[in-house]
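Worksheet: one structure, shown below.
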Amino acid sequence: MGFEEQRFNVNLSILFTELPLLQRPAAAAAAGFTAVELWWPWIDSPTPDPSELDALGKAIEDAGVQLTGLNFYAGRLPGPDRGALSIPGAESDRFRANVDVAADFAGSLGCTALNALYGNRVDGVDPAEQDALALENLLLAARAAHRIGAILLIEALNRPESPRYPLVSAAAAVSVVDRVNEASGLGNAKFLMDLYHLSRNGEDLPSAIERYASSTGHVQIADDPGRGAPGTGSLPLEELLDRLRRAGYDGWTGLEYKPGDRPSSEAFEWLPRAAR
């Protein structure tokens, strides 16, 4: 099959970041892409002024690209945080304040995937208490996603870069997916399979694909080592994406890699323009 048979979108929170936020959708379109995804763009505000939301929505629509994925508020990302929903106190409150804001924004643009990063472990807090809070907040997120016809994504990160994040294996993330679906009865929670993170964790990627493709709602890629474009590391990404297709995954693949010491527009030479 090959890269030409995949559907790729560009994560505008890691690519084209040399440009102001509102210019990035047009830059992705100029590079030949029709779809984009985003981390929550306002790291200090779960509830930005409506004018800021309107401006970003207009930039996406004017560029003629589809928003296919959006993170809920996740704290300082990039930065030391890895989500807010399992953090007792103010961060949990900020996540809850963001749930309907993010869902409404996503729904206004036809976006059907919302990613909820779990959050780091907190010193002095019982992990069981954090997990109970996380389930409460994930149920709120699942219901908000259901309201707009979207899925809720739950992601595994990697231990070397996120040592305090508890979901550092595919099995751990999928177990949370299953708990949310059982508790909500909605069945709209899915696994976000990021092949870079799973590789950094030392997982057997073909085995993970075989076991978890049916639970997967979105896929993201970067090469390993280095988190660069395909071909800059040693991961057989073309082969792995083919395996996912054969296993039944037919959704988008998010390009969530670092462009390196060059403009982002030059970081896609591995992918023929006709396949973007």
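Just so it is clear, the model here is predicted, and its values are computed rather than measured.
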Look at the side-chain heavy atoms of Ile, Leu, Val, Met, Phe, Trp and Tyr, link any pair under 4.5 Å apart, and say whether L192 and L198 land in one connected group. no
Under 4.5 Å between any side-chain heavy atoms of F33 and N9, yes or no? no
Applying a strict under-4.5 Å side-chain criterion to I, L, V, M, F, W and Y, I'd like to know whether L21 and L19 cluster together. yes
Tell me if a side-chain donor or acceptor on E203 pairs with a main-chain N or O of A208 at a distance below 3.5 Å. no
Any donor-acceptor pair under 3.5 Å linking the side chain of H218 with the backbone of L153? no
Taking the side chain from R276 and the backbone from R7, do they hold a donor-acceptor pair closer than 3.5 Å? no
Would you say CD of Q23 has more than 12 non-hydrogen atoms from neighbouring residues, nucleotides or ligands within 6.0 angstrom? yes
P230 vs Y257 side-chain heavy atoms within contact, under 4.5 Å: yes
Under-4.0 Å salt bridge between E256 and R227: yes
Qualifying residue, where the test is side-chain contact (heavy atoms from CB on, under 4.5 Å) with W42 and the options are V101, L56, N98: L56
Verdict with reasoning, S92 to L85, per side-chain contact (heavy atoms from CB on, under 4.5 Å): CA-CA 5 Å; S92 172; L85 62 89; over 6 Å; no
Decide if atom CD of E269 counts as having more than 12 heavy atoms of other residues, nucleotides or ligands within a radius under 6.0 Å. yes
Just checking, is any N or O donor in the side chain of Y73 or R94 under 3.5 Å from an acceptor N or O on the other one? yes
Once you round to the nearest 0.5 Å, how far does CE of M193 lie from CD1 of I209? 6.0 Å
Under 3.5 Å donor-acceptor, E18 side chain and S264 backbone: yes
Should the heavy atoms of other residues, nucleotides or ligands under 6.0 Å from CZ of R147 be counted, would the total exceed 12? yes
What about L133 and V180, same hydrophobic cluster or not, with Ile/Leu/Val/Met/Phe/Trp/Tyr joined at side-chain heavy-atom distances under 4.5 Å? no
Walk me through it: do F8 and W270 pass the test ring pair (Phe, Tyr, Trp, His ring centres under 6.0 Å)? CA-CA 12 Å; F8 294 104; W270 59 274; 5.4 Å; yes
CG of L255 to CD1 of I221, rounded to nearest 0.5 Å, is 5.0 Å
Within the 3.5 Å criterion, strictly below it, is a donor on N115 or N71 matched to an acceptor on the partner's side chain? yes
Indicate, with yes or no, if the rings of F72 and F95 have centres closer together than 6.0 Å. yes
Say whether, by atom type as modelled, one donor and one acceptor occur between the side chain of S162 and the main chain of Y165 under 3.5 angstrom. no
Does D223 reach the main-chain N or O of G231 with its side chain, forming a donor-acceptor pair under 3.5 Å? yes
Measure across E155 and A173 and return the closest heavy-atom pair with its distance rounded to 0.1 Å. C-CB, 4.2 Å
Please check: side-chain N/O of R76 versus main-chain N/O of P80, any donor-acceptor pairing under 3.5 Å? no
Rounded to the nearest 0.5 Å, what separates atom CD1 in I87 from atom CG in D81? 7.5 Å
Looking only at atom types and distance, does a side-chain atom of E37 sit under 3.5 Å from a main-chain N or O of G254, one as donor and one as acceptor? no
Note: R273 and A29 closest approach over all heavy atoms is NH2-O, 4.5 Å
Between V36 and Q66, is the side-chain contact (heavy atoms from CB on, under 4.5 Å) condition met? List the steps. CA-CA 6 Å; V36 299; Q66 175 65 45; over 6 Å; no
Indicate whether any N or O donor in one side chain lies under 3.5 Å from an N or O acceptor in the other, for Y196 and E161. yes
Consider only side-chain heavy atoms of I, L, V, M, F, W and Y, link residues closer than 4.5 Å, and tell whether L167 and I151 are in one cluster. no
Atom CG in D250, atom CZ in R245: separation rounded to 0.5 Å? 6.0 Å
Would you indicate whether the side-chain heavy atoms of D131 and S86 approach each other to under 4.5 Å? no
Atom CZ of R159 with >12 non-hydrogen neighbours under 6.0 angstrom: no
N137 and Y118: side-chain donor and acceptor closer than 3.5 Å? no
I'd like to know whether T253 forms a side-chain contact (heavy atoms from CB on, under 4.5 Å) with L244, so could you lay out the CA-CA distance, the side-chain angles of the two residues, the decisive distance to 0.1 Å, and finally the verdict. CA-CA 10 Å; T253 295; L244 273 161; over 6 Å; no
Okay, side chain of R82, backbone of N120: is any donor-acceptor separation there less than 3.5 Å? no
Calculate, to the nearest 0.5 Å, the distance between atoms CG and CG belonging to L237 and L205 respectively. 9.0 Å
Return the CD1 to CG distance between I154 and L117, rounded to the nearest 0.5 Å. 10.5 Å
Heavy atoms of A150 and A113 approach each other most closely as CB-N, 4.0 Å
Evaluate the side-chain contact (heavy atoms from CB on, under 4.5 Å) criterion for residues L138 and R179: first the C-alpha distance (whole Å), next the side-chain angles of each, then the deciding distance (0.1 Å), finally the verdict. CA-CA 10 Å; L138 285 168; R179 287 200 296 273; over 6 Å; no
Would you please say whether a donor-acceptor pair under 3.5 Å links the side chains of Q220 and W252? no
